[in-house]
Amino acid sequence: MAQRLASWASPRFVRRWASTMNPARRDPDATSAPAALPAASATSHNLPRAFFVDPDIHRRDLERLFLGHWIVAGHVASIPRQGDYFLYDLGVESFVISRGERDAVHACVNVCRHRGSRVAIEEYGHCRELVCPMHAWTYAQDGKLVAAPNMPPDFDRDSLGLLRAHVEVVSGVIFLCLDAPPDVAPLRRDIEAALAQYDFAHTRIAYHRRYLCPANWKLIQQCFLELHASVGSFPEMCRVMLKSETAATGDPSLHRKYEAFAAAWQRDANRQPIAASHTTADRALDYTCRREPIRPGFATQSETGAAIAPLLGSQTASDGGFAVIRVLASWIVVCADYAVIVRLTPLEPQVTEIDVTWLVRTSAVEGADYDAPRLSWLWRANVERVLKLASDNQLGVNATRYLPGPFAADEAEIGTWVAWYLARLA
Amino acid sequence: MAQRLASWASPRFVRRWASTMNPARRDPDATSAPAALPAASATSHNLPRAFFVDPDIHRRDLERLFLGHWIVAGHVASIPRQGDYFLYDLGVESFVISRGERDAVHACVNVCRHRGSRVAIEEYGHCRELVCPMHAWTYAQDGKLVAAPNMPPDFDRDSLGLLRAHVEVVSGVIFLCLDAPPDVAPLRRDIEAALAQYDFAHTRIAYHRRYLCPANWKLIQQCFLELHASVGSFPEMCRVMLKSETAATGDPSLHRKYEAFAAAWQRDANRQPIAASHTTADRALDYTCRREPIRPGFATQSETGAAIAPLLGSQTASDGGFAVIRVLASWIVVCADYAVIVRLTPLEPQVTEIDVTWLVRTSAVEGADYDAPRLSWLWRANVERVLKLASDNQLGVNATRYLPGPFAADEAEIGTWVAWYLARLA
Amino acid sequence: MAQRLASWASPRFVRRWASTMNPARRDPDATSAPAALPAASATSHNLPRAFFVDPDIHRRDLERLFLGHWIVAGHVASIPRQGDYFLYDLGVESFVISRGERDAVHACVNVCRHRGSRVAIEEYGHCRELVCPMHAWTYAQDGKLVAAPNMPPDFDRDSLGLLRAHVEVVSGVIFLCLDAPPDVAPLRRDIEAALAQYDFAHTRIAYHRRYLCPANWKLIQQCFLELHASVGSFPEMCRVMLKSETAATGDPSLHRKYEAFAAAWQRDANRQPIAASHTTADRALDYTCRREPIRPGFATQSETGAAIAPLLGSQTASDGGFAVIRVLASWIVVCADYAVIVRLTPLEPQVTEIDVTWLVRTSAVEGADYDAPRLSWLWRANVERVLKLASDNQLGVNATRYLPGPFAADEAEIGTWVAWYLARLA
Ligand code: FES
Ligand code: FES
Ligand code: FES
């Protein structure tokens with residue numbers, strides 16, 4: 001479809017747009033070679049309409065960002081035994097993510113190398129080998145073609161295994177990258193540091209919800225960015241997070257209280273360092289990773305502040321903080337007693353899947369140790385608010401008369417992310 | 001999207017087509033400059049397939065006709081008090097139509113100037129100011145930005161109000177025009193003359209139906225044109241309107257009877273003049289406005305001919321006539337005792353909304369003074385017949401082998417309208 | 001829409017692709033004039049993604065193959081009396097197929113020559129003349145315009161009849177071709193020979209099912225090709241057909257048993273010859289026509305092998321065989337006692353209608369002579385399996401990373417068909 005790429009989505013267009021977003025760069029050479037493009041540190045205005053509606057830009061988002069960056073596919077808790085697998089469908093692409101020999105996790109493109117049927121049909125399953133339903137071509141968990149009926153003797157079986165995505169498992173989170181993967185080392189180092197005390201790899205799935213949101217994934221991404229930056233309108237988050245309440249009320253005395261609270265929490269020698277946001281110098285990787293305190297007296301992100309599940313890992317008491325990690329468009333929130341993975345998957349220019357998984361300690365028993373409605377209260381509320389806000393935002397930007405407006409002071413993180421997005425897309 | 005405009009929808013194409021539609025103009029200079037294009041008074045054949053299916057022509061219809069001409073948005077009866085508003089969604093565009101200070105009616109583009117959310121979400125509402133649900137930018141009813149949190153001191157608030165459409169209220173009907181509006185004076189003069197005795201501004205909504213019709217708006221427009229010209233197949237209309245029955249039967253004695261009846265009705269000194277169809281010389285405005293008699297003994301357009309609601313305005317008895325006004329693609333029918341507004345809104349090339357509102361005297365009480373099923377009988381029937389005819393017409397013109405055929409003698413008004421449409425689109 | 005034809009669907013592209021599919025033809029002149037293109041006897045690999053998803057290739061499939069080749073529209077059993085008609089909708093096209101005077105079968109384009117409404121609305125009906133619902137233009141069954149109200153005296157009625165498709169009725173099957181029809185003589189000769197003993201024209205409809213399959217018609221076509229070639233996974237077919245069971249198990253002793261059984265069946269002097277597959281030299285016609293034995297002891301394709309309806313035509317006993325005919329993308333299976341017509345109709349690139357009709361002897365009485373569930377058991381199962389396999393195949397080929405793989409030895413017929421398809425499309 002490359003021939004059909006609209007001028008909107010051409011590298012030249014995106015570069016030109018990126019340059020106009022950064023006032024310092026409005027010079028006549030703005031459209032010169034990509035190598036000469038300095039990183040705009042942040043854009044001052046939101047993206048124009050085409051980025052939220054155009055199918056060619058959507059395809060480019062998928063190719064450049066979702067197939068060429070590390071993305072969260074899921075958690076090893078979904079495939080505890082050898083032979084377990086689950087499917088991750090990303091627009092028209094489908095991956096089989098499975099546990100093979102010696103605990104290795106594999107991600108194969110779910111397309112038979114014979115006549116192209118899906119090999120795995122069910123969303124979750126267990127099998128020794130993957131057998132295509134059409135003509136029984138048979139693949140090992142790692143994609144190797146092990147049987148193909150009626151093929152000639154000189155048939156080159158080795159070249160006809162399932163295509164494979166790169167896989168990295170970091171603290172139990174399964175990351176995949178279909179094309180040339182950026183170096184995963186910084187991501188691994190920062191996540192392992194932030195999650196050290198939680199033993200996140202040894203958790204199990206307690207609850208799961210999946211939403212279809214009628215909005216472009218970037219509008220949803222922006223809503224989550226401001227949810228975590230404590231911007232916008234999220235009453236449940238304000239009730240739990242002192243930082244959010246501070247931002248929402250704009251009350252200066254609350255602000256001083258929060259500053260003192262956060263500083264004291266961070267000084268404590270027993271606390272993990274708060275990692276900074278991170279974009280590698282070549283813009284290949286986009287993630288943030290940090291730990292923050294919740295609210296005086298709060299052990300976890302729950303309605304009352306009390307723990308709502310057994311503590312994770314080696315903790316004997318909550319330190320009152322939680323970790324929040326964003327990798328591209330997915331979020332991992334780990335509190336003392338439970339965790340949430342929010343995975344964003346673009347399906348169409350105006351349709352995005354939001355998959356939300358709650359995890360608890362492996363030994364926790366539902367009913368006795370935790371209760372799914374209480375466990376999921378905050379993040380169901382947050383996701384459902386994002387869903388409504390992003391949908392109404394999409395309806396607005398669909399209008400031909402939509403004009404991108406200026407970001408406010410507390411939206412700096414969104415401006416930074418938009419600049420990264422434009423540079424990476426170019 | 002201008003780059004994608006298909007050749008079908010180019011001004012050159014439309015001009016060429018317009019020229020071939022008019023036999024007198026099949027000369028080699030037919031495609032010269034638009035200024036040189038004389039108005040074809042009528043086309044002899046219907047439009048070709050592309051005009052009913054092509055998304056680029058659809059976009060051009062919306063831009064040129066629905067955003068650049070006066071269109072019916074609704075009636076002031078929907079927003080009786082200051083602070084009331086309703087939304088009018090026109091394809092991807094959305095307008096907030098509200099009553100502000102000193103009874104002024106405003107129409108703002110329903111897109112926040114910050115990050116583009118819809119500002120008003122509910123279809124009907126009441127509020128002092130419009131507050132965006134995302135970050136609380138706050139607008140007055142006239143669109144002025146009155147508050148925006150966290151913006152820098154030098155922030156130019158004045159330039160970031162909601163975009164506004166032009167609004168004219170004529171006899172209670174709210175007309176809007178987003179882009180350069182044509183002079184509204186002729187429209188106002190003719191409508192006010194036709195509706196003088198009905199005091200149409202002081203009515204209230206008695207009943208409302210909304211339909212989605214799977215047809216291009218121009219096919220529906222053509223059906224309504226022939227409904228009012230008494231062509232085609234509309235049995236309920238024939239039962240009520242003598243002119244329709246005359247046309248349907250083709251009976252010469254009925255024709256003579258109708259001619260005598262209409263002439264007598266028109267001669268009566270107490271009757272309003274019958275206004276002629278009207279297209280301004282520069283083709284900017286397209287509307288018709290006339291008064292006609294119903295049928296001997298009929299006070300209104302009802303099943304029996306008897307009035308079915310209290311008389312409107314200053315009337316003490318029905319004069320046996322009614323007014324019918326078309327502005328672009330919407331129709332206003334006002335009888336002695338009730339009125340109907342039929343508003344056509346193109347949503348997609350093959351999907352059109354038909355919104356139908358019945359109005360009665362402000363003081364009329366449902367159950368006591370009128371009965372919604374009886375009140376709505378004729379126009380529900382008419383609209384539902386149009387809906388079925390236009391849908392089957394759309395299925396036919398979708399066929400690649402559809403060939404536009406010649407108009408019959410009684411379809412002259414459609415040929416005239418098609419010529420106007422092509423000239424206005426060019 | 002010719003201007004929008006993607007390069008995928010250009011004749012040049014299709015020729016180039018056809019040439020790379022055939023290893024012997026990978027020479028630098030591969031893209032020279034179409035006249036120089038030798039027929040590739042078979043392709044070695046499946047088609048690439050665009051052929052299963054691209055709307056321009058889809059349009060080309062419809063124009064070249066479905067409107068320019070003989071296709072199965074139905075069976076005369078649907079229109080037993082003069083004046084009967086049924087509609088055949090093929091994507092956006094619609095045909096009225098009717099029985100006119102002297103038993104003639106007509107197929108008219110279902111688009112009024114006036115303003116393009118569908119003339120016939122109901123899927124099945126009976127009428128003396130076709131009267132358009134909009135303005136009553138009236139057409140004879142053969143399409144001739146016989147009345148048009150309000151047209152001028154010099155109106156050229158003869159040039160405004162309904163457009164007509166070519167029609168041929170062969171053994172009761174109604175074939176139509178909208179554009180330049182290939183010579184039907186070979187098709188007629190082979191079908192009449194294969195069906196001689198069944199008197200297929202004198203049957204009636206016993207049961208009918210219609211399916212919408214979310215797959216490109218060519219994927220469904222390939223599934224049916226292998227169903228009849230006894231490839232793939234069709235358990236019910238294996239239970240009934242010895243050839244299918246042989247292929248599925250790959251058991252050599254079963255293979256020898258089948259060979260002996262088939263040879264003996266064919267040697268019997270009372271048996272009809274097994275006609276060969278057939279593609280005319282100029283590639284204009286694509287059909288196959290053959291008779292085969294079922295399984296020792298089986299009179300028909302039923303669960304037990306016993307007849308499940310009165311024998312067709314002049315037969316006094318089943319000869320243990322059945323006829324199977326494919327014309328483009330439709331299949332006709334005629335057993336001793338019942339028949340099935342499976343008609344494939346592409347609606348959109350990824351949506352295909354599968355219409356299945358079961359027929360029995362005209363005199364057979366439901367309940368007494370046959371039972372619809374038993375009658376339809378095998379072919380409902382076969383069609384539903386194809387539907388599932390083709391849907392999963394479509395999901396696979398939708399992936400941007402789908403790579404067409406090599407055909408196996410038993411898929412030769414598919415490779416041959418793909419080569420024909422590419423040559424015909426070019
Ligand atoms: S498509 Fe998978 S084995 Fe044939
Ligand atoms: S989008 Fe309206 S206030 Fe932010
Ligand atoms: S469209 Fe058929 S008679 Fe007018």
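Throughout, a chain's letter reflects where its sequence line sits, starting with A, and its residues are numbered from 1. This one's a predicted model, so the numbers in the text were calculated from it and none came from an experiment. These numbers come from the heavy atoms of this one structure, side chains and all, not from hydrogens, waters or symmetry mates.
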Under 4.5 Å from any heavy atom of chain A - which part of B/D156 | neither
Chain A heavy atoms under 4.5 Å from B/L90: which part of the residue, side chain, backbone, both or neither?
-> neither
Is there side-chain contact between A/R401 and B/L67, with heavy atoms separated by less than 4.5 Å?
-> yes
Beyond-backbone contact of A/T400 with B/R59, side-chain heavy atoms, under 4.5 angstrom | no
Within 6.0 Å of NE2 in A/H255, more than 12 heavy atoms from elsewhere = no
Is the count of non-hydrogen atoms from other residues, nucleotides or ligands lying under 6.0 Å from B/E101 atom CD greater than 12?
-> no
Look up atom [atom1] in [X] and atom [atom2] in [Y], then write down how far apart they are to the nearest 0.5 Å.
{"X": "B/R118", "Y": "A/N393", "atom1": "CZ", "atom2": "CG", "value": "11.5 Å"}
{"X": "B/M151", "Y": "A/D410", "atom1": "CE", "atom2": "CG", "value": "9.0 Å"}
{"X": "A/L395", "Y": "B/N110", "atom1": "CG", "atom2": "CG", "value": "9.0 Å"}

Which atom names give the shortest non-hydrogen contact between [X] and [Y], and what distance separates them?
{"X": "A/P406", "Y": "B/R113", "value": "CD-O, 4.1 Å"}
{"X": "B/V111", "Y": "A/A399", "value": "CG2-CB, 3.6 Å"}
{"X": "A/F407", "Y": "B/R115", "value": "CE2-CD, 3.6 Å"}
{"X": "A/A408", "Y": "B/H114", "value": "N-NE2, 4.1 Å"}
{"X": "B/M134", "Y": "A/C223", "value": "CE-SG, 3.7 Å"}

Top residue by heavy-atom pair count (under 4.5 Å) with chain B, among A/L403, A/N398, A/D392?
-> A/D392
Under 4.5 Å from a heavy atom of chain B, the part of A/Q222 involved = both
Heavy-atom distance under 4.5 Å to chain B: side chain of A/L219, backbone, both or neither?
-> neither
May I ask you to name which of B/G116, B/C112, B/P133 has the most heavy-atom pairs under 4.5 Å with chain A?
-> B/G116
Most contact-rich option vs chain A, by heavy-atom pairs under 4.5 angstrom, among B/S94, B/A148, B/S117, is B/S117
